[in-house]
A.B. asks: 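Below is the structure I would like to discuss, written out as structure tokens.
Numbers here simply count residues along the sequence, with the first being 1. In this text the structure is predicted, and so the values were computed from the model without any measurement.
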Amino acid sequence: MDPSGGPHGRGAGLRSLRQDPSVKDAKIAPGTTRRILGLMRPYRGLAVGFLVLVAINAAIGAVDPLIYREIINRGILGGDAGLVVALAALVGGLAVLDGGVLLVQRWLSLRIGEGLVYDLRTKVFSHVQRMGLSFFVRTQTGALVSRLDNDVQGAQAALTNVLGTVIGNLMRVSLVLVAMFALSWRLTVVALILLPLFALPARRLGQRMRRITREGYDLSAQMNTTMVERFNVAGALLVKLFGRAEEEDREFAEKAGRVRDIAILRGIYGRIFFVALTLTAALATALVYGWGGTMAVSGILDVGTVVALTAYLNRLYGPLTALSNINVDIMTALVSFERVFEVLDLPTLVAEKPDAVTIPRGPARVEFDRVEFAYPSAGEVSLASLESVSVPDAPVAQTVLHDVSFVAEPGQLVALVGPSGAGKTTISYLIPRLFDVRSGRVSINGVDVCDATLKSLSDVVSMVTQDSHMFHDTIRANLLYARPDATPAELQDALAGAQILPLIDSLPEGLDTVVGDRGYRLSGGEKQRLAIARLLLKAPDVVVLDEATAHLDSESEVAIQRALKVALAGRTSIVIAHRLSTIRDADQILVVSGGRIVEGGRHEELLEAGGVYADLYHTQFRARATADADTERAE
């Protein structure tokens with residue numbers, strides 16, 4: 001709806017030539033047009049008003065040359081100075097009116113366009129927020145952000161371009177051609193003969209512009225991806241550790257140089273197009289003046305008509321060029337919206353049932369009853385276009401949990417142990433319902449988690465992983481994320497329980513200290529204790545710990561173990577243990593192997609049984625004894 005192309009429509013013609021014609025061959029999903037109209041429903045009053053203003057603008061553009069004709073024929077040649085002044089004042093008044101129309105038209109354009117952007121962005125963001133964890137595991141973040149930003153913007157721009165430019169140009173061309181043929185069909189036909197001389201080369205130029213524009217977009221996306229991956233802490237650290245700074249500089253400079261060259265070439269092509277259009281209009285004007293002037297001298301045509309015809313030519317060529325790609329404009333809008341709808345149509349596998357119930361608070365009993373589970377396939381949770389590397393999944397999803405059954409009574413600590421890939425983390429993910437079971441049942445206090453409201457499940461269950469995420473914000477903001485209404489005293493108590501209050505008090509900015517990207521300004525132990533403080537602030541009934549002390553030094557592990565005693569007191573706890581020495585006092589130890597629970601009992605019972613747990617424990621004990629002996633010899 002942007003009228004910035006001016007009354008001649010040259011900007012619109014240039015935009016059309018930049019559109020990718022390959023969209024004409026795209027197959028649009030049934031119902032796409034109906035959904036777009038549905039999105040436009042809240043703005044239908046504004047759209048009607050906008051189209052009325054477009055029609056007024058087109059009518060003013062068609063009336064002006066007729067007034068010029070009357071000024072010359074009846075005013076100047078007729079010797080009527082009063083008429084000349086009156087008609088000139090009318091032209092001025094129409095110009096003022098047209099300026100006001102264009103301003104209001106622009107406001108309506110922005111109101112509709114930005115409203116659509118807002119609606120689409122909030123819909124996509126809300127939908128993505130509720131997608132299952134598998135979606136985020138497979139999806140490339142940059143591609144998802146691009147879909148939320150660039151594709152939404154593209155859909156809005158394409159739609160408003162169709163509504164404003166296409167419809168406006170149709171009105172302008174129709175009115176101009178009717179007026180021109182009414183004034184002189186011979187001169188009109190002659191003027192139109194020159195159009196192919198411009199249009200054919202312009203289409204070839206447009207193909208080149210589309211190709212380099214597409215390449216420029218791709219290279220810009222690559223540059224953005226490079227910057228996102230290299231400018232976060234982990235990426236910057238990797239570059240430094242491998243000494244790749246010079247190679248990264250060189251590769252980035254090559255991409256940036258190509259983007260620069262493409263921008264220059266695109267600017268030159270755009271200027272060539274503009275000059276060619278202006279030249280064609282000038283040649284047509286010369287032709288009309290030459291032949292029309294001769295006819296005027298011969299008395300066949302009046303002078304005012306010749307002037308009016310030349311004025312109409314300036315309003316004809318740009319819109320005609322833009323309309324030559326009307327099918328591309330329409331299909332671009334449909335394709336852009338369809339890409340957004342693809343995300344909105346992805347199923348939310350973990351969804352709340354309409355009749356969901358609330359899990360009662362208090363001491364919690366967690367039960368797994370013959371649970372079978374397989375991770376969802378790519379086709380169920382993601383789009384190939386949102387994945388950086390899309391590899392077809394196996395036709396049948398592989399079951400990773402088999403007949404898993406156990407009970408964690410209120411207040412008990414249940415430890416899950418076993419080799420890597422056995423299924424321990426998968427079991428932990430099913431408790432807060434990050435995934436849904438394929439068969440069987442996971443329940444808390446007798447309520448199947450699939451039947452519970454997501455809010456009550458989130459309130460009851462909390463989880464701390466081995467690499468707890470922190471937002472790039474203050475310590476206070478990261479804590480309040482768990483409970484926004486927490487008081488300063490409650491924050492202090494949570495930090496004290498997590499054994500991190502002395503550290504926070506020693507910081508110059510205290511709770512207002514920014515933790516950095518993903519909490520990288522904190523050590524691993526500090527970040528884990530802050531995560532435990534966040535858990536204490538939330539005060540759940542069930543705590544899930546996924547190797548929360550893994551990869552930490554002995555001092556940090558001791559501090560975290562003290563913090564965990566506070567966090568787990570009186571709560572039902574499911575703990576995935578990396579170091580078996582940390583769960584010797586667990587009420588129940590479950591040994592997971594190959595997606596099955598193969599052993600269960602207390603520490604002493606499992607050691608006496610001499611099974612898998614005993615083998616794991618003795619292996620770790622021997623490895624720790626060997627490491628201690630090596631340390632002593634080194635000292």
A.B. asks: Crowded around Lys538 NZ? As in, over 12 foreign heavy atoms under 6.0 Å?
C.D. replies: yes

A.B. asks: Apply the test side-chain contact (heavy atoms from CB on, under 4.5 Å) to residues Asp493 and Leu501: give CA-CA distance (whole Å), side-chain angles for both, the deciding distance (0.1 Å), then the verdict.
C.D. replies: CA-CA 8 Å; Asp493 291 342; Leu501 182 58; over 6 Å; no

A.B. asks: Checking side-chain contact (heavy atoms from CB on, under 4.5 Å) for the pair Leu434/Val350: CA distance, chi angles, key distance, verdict?
C.D. replies: CA-CA 7 Å; Leu434 299 180; Val350 179; over 6 Å; no

A.B. asks: Under 4.5 Å between any side-chain heavy atoms of Leu401 and Leu430, yes or no?
C.D. replies: yes

A.B. asks: Is there side-chain contact between Tyr375 and Thr426, with heavy atoms separated by less than 4.5 Å?
C.D. replies: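 Side chain of Tyr375 against side chain of Thr426, heavy atoms only: contact under 4.5 Å found.
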
A.B. asks: Who pairs with Asp345 by side chain to side chain donor-acceptor pair (under 3.5 Å), at least two apart in sequence or on another chain?
C.D. replies: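 Residues passing side chain to side chain donor-acceptor pair (under 3.5 Å) with Asp345: Arg35.
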
A.B. asks: For Gly516, does its backbone N or O pair with a side-chain atom of Arg521 as donor and acceptor, under 3.5 Å?
C.D. replies: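 Not a single qualifying donor-acceptor pair exists.
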
A.B. asks: Using every non-hydrogen atom in the two residues, find where Gly440 and Val437 come nearest and quote the distance to one decimal.
C.D. replies: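 Shortest heavy-atom separation between Gly440 and Val437 comes out as O-CG2, 3.7 Å.
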
A.B. asks: Short question: side chain of Thr619, backbone of Asp615 - any donor-acceptor pair under 3.5 Å?
C.D. replies: yes

A.B. asks: Using 0.5 Å steps for rounding, measure from the CD1 atom of Ile359 to the CG atom of Leu457.
C.D. replies: 4.5 Å

A.B. asks: Please name the residue in the list Val544, Val543, Val542 that meets the side chain to side chain contact (heavy atoms under 4.5 Å, CB included) test with Pro540.
C.D. replies: Val543

A.B. asks: With rounding to the nearest 0.5 angstrom, report the CG to CG distance, Asn478 to Asp473.
C.D. replies: 6.0 Å

A.B. asks: Only one of Val128, Leu39, Val340 forms a side chain to side chain contact (heavy atoms under 4.5 Å, CB included) with Lys123, so which one is it?
C.D. replies: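 Passing option: Leu39.
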
A.B. asks: Go through Asp403 and Glu372 one step at a time and tell me if the side-chain contact (heavy atoms from CB on, under 4.5 Å) criterion holds.
C.D. replies: CA-CA 6 Å; Asp403 196 26; Glu372 302 273 339; 3.8 Å; yes

A.B. asks: Output yes when a side-chain donor or acceptor of Asp541 lies under 3.5 Å from a complementary backbone atom of Pro363, and no otherwise.
C.D. replies: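 Pair absent, no side-chain N/O of Asp541 close to backbone of Pro363.
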
A.B. asks: Find out whether Val449 and Ile444 are in side-chain contact, i.e. whether some heavy atom of one side chain is under 4.5 Å from a heavy atom of the other.
C.D. replies: yes

A.B. asks: I need the Ile532 CD1 to Arg529 CZ distance, nearest 0.5 Å.
C.D. replies: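 Atom-to-atom, Ile532:CD1 and Arg529:CZ are 8.5 Å apart.
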
A.B. asks: Take a 6.0 Å sphere around CZ of Arg361 and say whether it holds more than 12 heavy atoms from other residues, nucleotides or ligands.
C.D. replies: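 Enclosed: over 12 neighbouring heavy atoms sit under 6.0 Å from CZ of Arg361.
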
A.B. asks: State, to 0.1 Å, how close Met131 and Leu346 come at their nearest heavy-atom pair, and which atoms those are.
C.D. replies: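 Result for this residue pair: CE-CB, 3.9 Å.
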
A.B. asks: Using modelled atom types and a 3.5 Å cut-off, is there a donor and acceptor pairing between side-chain atoms of Tyr43 and backbone atoms of Gly115?
C.D. replies: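 Yes: the side chain of Tyr43 pairs with the backbone of Gly115.
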
A.B. asks: Which heavy atom of Leu536 sits nearest to which heavy atom of Arg571, and what is that distance?
C.D. replies: CD2-NH1, 4.0 Å

A.B. asks: Would a distance-only check, ignoring hydrogens and angles, find a side-chain to backbone donor-acceptor pair under 3.5 Å from Arg433 to Ala351?
C.D. replies: yes

A.B. asks: By side chain to side chain donor-acceptor pair (under 3.5 Å), which residues pair with Gln412, not counting sequence neighbours?
C.D. replies: none

A.B. asks: With a 3.5 Å distance limit and no angle check, can you tell me whether Glu608 reaches the backbone of His603 through a side-chain donor-acceptor pair?
C.D. replies: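 A pair under 3.5 Å: no.
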
A.B. asks: Would you check if the side chain of Thr572 reaches a backbone N or O of Ala364 as a donor-acceptor pair within less than 3.5 Å?
C.D. replies: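 Pair found, side chain donor or acceptor close to backbone of Ala364.
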
A.B. asks: Would you indicate whether the side-chain heavy atoms of Met470 and Ile475 approach each other to under 4.5 Å?
C.D. replies: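 Of all side-chain heavy-atom pairs linking Met470 with Ile475, none is under 4.5 Å.
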
A.B. asks: Taking the side chain from Arg130 and the backbone from Ser126, do they hold a donor-acceptor pair closer than 3.5 Å?
C.D. replies: yes

A.B. asks: Hey, could you give me the CD1/CE distance between Ile574 and Met463, rounded to the nearest 0.5 Å?
C.D. replies: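 Result: 11.0 Å between the selected atoms.
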
A.B. asks: Just so I know, are the side chains of Thr399 and Arg438 near enough to count as touching, which here means a heavy-atom distance under 4.5 Å?
C.D. replies: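 Contact flag for Thr399/Arg438 side chains = no.
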
A.B. asks: Do you know the tightest heavy-atom contact between Ser405 and Arg370?
C.D. replies: OG-N, 2.7 Å

A.B. asks: Could you check whether any side-chain heavy atom of Ile589 comes within less than 4.5 Å of a side-chain heavy atom of Tyr617, counting everything from C-beta outward?
C.D. replies: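 Sidechains of Tyr617 and Ile589: no contact.
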
A.B. asks: Looking at CD1 of Ile112 and CE of Met40, how far apart are the two atoms once the value is rounded to the nearest 0.5 Å?
C.D. replies: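 Nearest 0.5 Å value for the CD1-CE distance: 5.0 Å.
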
A.B. asks: So, Ser593 side chain and Val591 main chain: donor-acceptor pair closer than 3.5 Å or not?
C.D. replies: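 No: the side chain of Ser593 does not pair with the backbone of Val591.
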
A.B. asks: What heavy-atom pair brings Val414 and Ala408 nearest, and what distance separates the two atoms?
C.D. replies: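 For Val414 and Ala408, the tightest heavy-atom pair comes out as CG2-CB, 3.6 Å.
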
A.B. asks: Do Leu511 and Gln492 touch side chain to side chain, with heavy atoms closer than 4.5 Å?
C.D. replies: yes

A.B. asks: Show the nearest heavy-atom pair for residues Ser573 and Leu568, with the distance to one decimal.
C.D. replies: OG-CD2, 3.3 Å

A.B. asks: Would you confirm whether Gln588, through its side chain, and Val407, through its main-chain N or O, come within 3.5 Å as a donor-acceptor pair?
C.D. replies: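 Judged by distance alone, yes, a pair lies under 3.5 Å.
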
A.B. asks: Is it true that Asp512 and Arg476 have a side-chain N and a carboxylate O under 4.0 angstrom from each other?
C.D. replies: yes

A.B. asks: Atom CZ in Phe373, atom CD1 in Ile427: separation rounded to 0.5 Å?
C.D. replies: 11.0 Å

A.B. asks: Within a strict 4.5 Å, meaning less than it, do heavy atoms of the Val461 and Val366 side chains meet?
C.D. replies: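 SC-SC contact between Val461 and Val366 ruled out.
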
